[in-house]
Amino acid sequence: MAVRVRFAPSPTGYLHIGGLRTALFCYLFARRMGGTFVLRIEDTDRARFVADAEDDITAGLAWAGLDPDEGPHLGPGYRQSERTALYRSIAQRLLRSGHAYAAFDTPEALQAMRDRGETYSGATRRAMCNAFTLPQAEVEQRLAAGTPHVVRLHVPEDGEVTFTDIVKGPVTFAADSLDDQILLKSDGQPTYHLANVVDDHAMGITHVIRGEEWLSSAPKHMLLYQALGWEPPRMAHLPLILSPGGGKLSKRSATRLGIPVNVRDYQSYEPEAVINFLALLGWHPSTEQEVFTLDELKATFSLERVAPSPARFDLDKLRWFNQKHLIQLGTARVAARVRSELESALGPIDPAYLHRVLVVVGERLMRRQDLFTRFAYFFQDPESYDPRGVKKRWKADAKDLVLAYADALEALAWPEADAQSPATDLKGAEGALEHALRNLAAMRGIGAGRIIHPVRLATSGTTAGPSLFAMLAVLGRERCVRRLRRAAAVLGP
RNA sequence: GCCGCGUUCGUCUAGGGGUCUAGGACGCCGGCCUUUCACGCCGGUAACACGGGUUCAAAUCCCGUACGCGGUACCA
């Protein structure tokens, strides 16, 4: 049978990183099995509905490269709010077959019951106000009069519910530990439990892949499939993602640690890296490969190799993946991703220049935003000079040497890179720059390092960076000379 | 409280009765390379939660305890 998997978020907030992980596993499994990946919006909660949440979810999936084969953006019938009639008719059917019943309890009465430490179960329902305790005539009269009521699942008083979860293995619940779940709310909307089961069946879902927070309600869903005479899908409950401290990955704790909670806040990471990181959080390939593209993941993923225990979010690891993927992406694609952001911050940038910068920066780029911080000097003259670097490298003769080198650069035959060709053949310039510097050192009878370090400091403001001559070649004569002279004036002897 | 699930280096994990003096990756610490930084390479640090069984043999199977996570809503 063709595999059909669905990702079924609720539009009560923006797409969460944990939600993306669930979506990823759904997607990967569907692709691996040659099946279909469905996006279904579970908008049955009117009170918590967030208007732009659905767009955020769709955008988040697109950003990550997880394209649904079916979904609300492709056709009607994928939002539960469009399917209420279906849920109501199924609820009626359950009512008729005795698998569900009407209950009239007030919120206050329910609260009082909870305060007593009880749940609405086989053991307590006889103390409440419902079709089991009211005379049948009154039930019918109330229903006819349109009295507000809910429809509850009639959970058997004994026996147990067992099913085999693909990641958790065999799971067993005693029926009397299950409460009489509300299926239809008094406003006529279905709860998650009803709508989810009805839709999974109606949409031919073969595998339910979702977060572990659903494991406890899974037996109620199994009961529903049973009552309806439907074959239940296979279940796979994914372990949750925890914060580094071990607790829940809450907004507050996460932001304090610099961990974005919403997918929309991952803009400074490459989607490929986030995907790779998420995939390995709970899943392990049988090999020791760590860096994966989406295509590679699609080819190797399996639910059987998903770990049953929760995993903690590790920012360092995400950063490492980000660096790996930045390298794997290559300068052209990185340039395309960073250009507009860079230009809106710093004005127009010559594409060929940007390309040369990326080549020279190379694997030193951990995150795109490094170009605005650690490597900002490629786009703006340094505003200050690293004090520790100055202390260590800016000796008494530094000013004189830097000035002399500036003069030498002005006189130098400097093969400028061809602006039309981003191929960055800067080797000629590099050689000339190095030759000029070593010449100067020889004339002064000092080591080249005596000049190299002050020059780096003067032109970049820091002591760390790419090979000096490659860096100078990229910066170009004008910037170099200006910066050398300015540093000499500012730093003095 | 009750129900369910889980527990191997700081973190992600491999392993599923003997091949485990427990492997890999991130991080951290050394070293090499390099007149910077990063990459790369070499080396180091560091774990089977605890207690009982079963077995010739247990990280691996069973039971209990502890701890963690989830659920216990007219939220999903």
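These numbers come from a predicted model, not from an experiment. We use all heavy atoms of the structure for the numbers below, so side chains are in, but hydrogens, waters and symmetry mates are not. In what follows, every chain begins at residue 1, and chains take the letters A, B, ... in the order their sequences are listed.
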What residues form a side chain to side chain donor-acceptor pair (under 3.5 Å) with [X], not counting sequence neighbours?
X         : result
Tyr78(A)  : Glu70(A)
Arg40(A)  : Glu42(A), Asp200(A)
Arg46(A)  : Asp187(A)
Ser309(A) : none

[X] near the nucleic acid: base, sugar-phosphate alone, or nothing, with a heavy-atom cut-off under 4.0 Å?
X         : answer
Arg116(A) : nothing
Ser216(A) : base
Ser309(A) : sugar-phosphate
Gly246(A) : sugar-phosphate
Leu110(A) : base
Lys220(A) : nothing

Show me the donor-acceptor pairs within less than 3.5 Å that the side chains of residues 442-454 of chain A make with the rest of the protein, sequence neighbours left out.
from      : atom 1 : to        : atom 2 : distance (Å)
Arg444(A) : NH1    : Asp400(A) : OD2    : 2.6
Arg450(A) : NE     : Asp397(A) : OD2    : 3.2

Pairing partner of [N] (Watson-Crick or G-U wobble, both distances under 3.5 Å):
N      : value
U36(B) : none
A22(B) : none
C28(B) : G44(B)
C9(B)  : none
A73(B) : none
C61(B) : G53(B)

[N] versus [M] - spacing of their [atom1] atoms, nearest Å:
N      : M      : atom1 : result
C9(B)  : U60(B) : P     : 14 Å
G53(B) : U72(B) : C1'   : 34 Å
C26(B) : C41(B) : P     : 10 Å
G16(B) : U21(B) : P     : 14 Å

What parts of [range] reach RNA chain B, counting only heavy atoms under 4.0 Å away?
range                       : result
residues 273-285 of chain A : Leu280(A), Leu281(A), Gly282(A), His284(A)
residues 446-457 of chain A : Gly447(A), Ala448(A), Gly449(A), Ile452(A), His453(A), Arg456(A)
residues 371-392 of chain A : none

With sequence neighbours excluded, what pairs up with Arg142(A) under the salt bridge (charged side-chain N to carboxylate O under 4.0 Å, His left out) test?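 Applying salt bridge (charged side-chain N to carboxylate O under 4.0 Å, His left out) to Arg142(A) gives Glu138(A).
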Are there more than 12 heavy atoms of other residues, nucleotides or ligands under 6.0 Å from atom NZ of Lys185(A)?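 More than 12 heavy atoms, drawn from other residues, nucleotides or ligands, come within 6.0 Å of this atom.
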For the CG atom on Asp52(A), are there more than 12 heavy atoms of other groups (residues, nucleotides or ligands in this structure) within a distance under 6.0 Å?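 Result for CG/Asp52(A): enclosed.
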What distance do Leu238(A) atom CG and Phe25(A) atom CZ have between them, rounded to the nearest 0.5 Å?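 Those atoms lie 6.5 Å apart.
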Using the heavy-atom set of chain A and a strict 4.0 Å cut-off, write down the first and last nucleotide of RNA chain B that makes it in, 5' to 3'.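 Going 5' to 3' along RNA chain B, contacts run C3(B) to A76(B).
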Any side-chain donor near an acceptor of the partner, Asp45(A) and Tyr192(A), under 3.5 Å: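 Judged by distance alone, the side chains do not pair up.
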Check for me whether Arg367(A) meets the cation-pi criterion with Tyr269(A), that is, NZ or CZ under 6.0 Å from the six-membered ring centre and within 45 degrees of the ring axis.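 That pair qualifies as a cation-pi contact.
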Does Arg364(A) qualify as a cation-pi partner of Phe375(A), given the criterion of NZ or CZ under 6.0 Å from the six-membered ring centre and within 45 degrees of its axis?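 The answer is no; the distance or angle limit is not met.
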When you match Arg305(A) and Lys317(A) each to their closest nucleotide on RNA chain B, which lands nearer the 5' end?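 Its nucleotide being nearer the 5' end, the pick is Arg305(A).
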Any residue meeting side chain to side chain contact (heavy atoms under 4.5 Å, CB included) with Thr172(A), in chain and number order, not counting sequence neighbours: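 Partners of Thr172(A) by the side chain to side chain contact (heavy atoms under 4.5 Å, CB included) criterion, ordered by chain and then number, come out as Glu160(A), Thr162(A).
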Scan for side-chain hydrogen bond (donor to acceptor under 3.5 Å, both in side chains) pairs involving residues 313-324 of chain A, sequence neighbours excluded, and state none if there are none.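 Pairs touching residues 313-324 of chain A that pass the test: none.
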Do Asp179(A) and Lys220(A) sit within salt-bridge range, that is, some charged N less than 4.0 Å from a carboxylate O?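 Counted as a salt bridge, because a side-chain N and a carboxylate O are separated by less than 4.0 Å.
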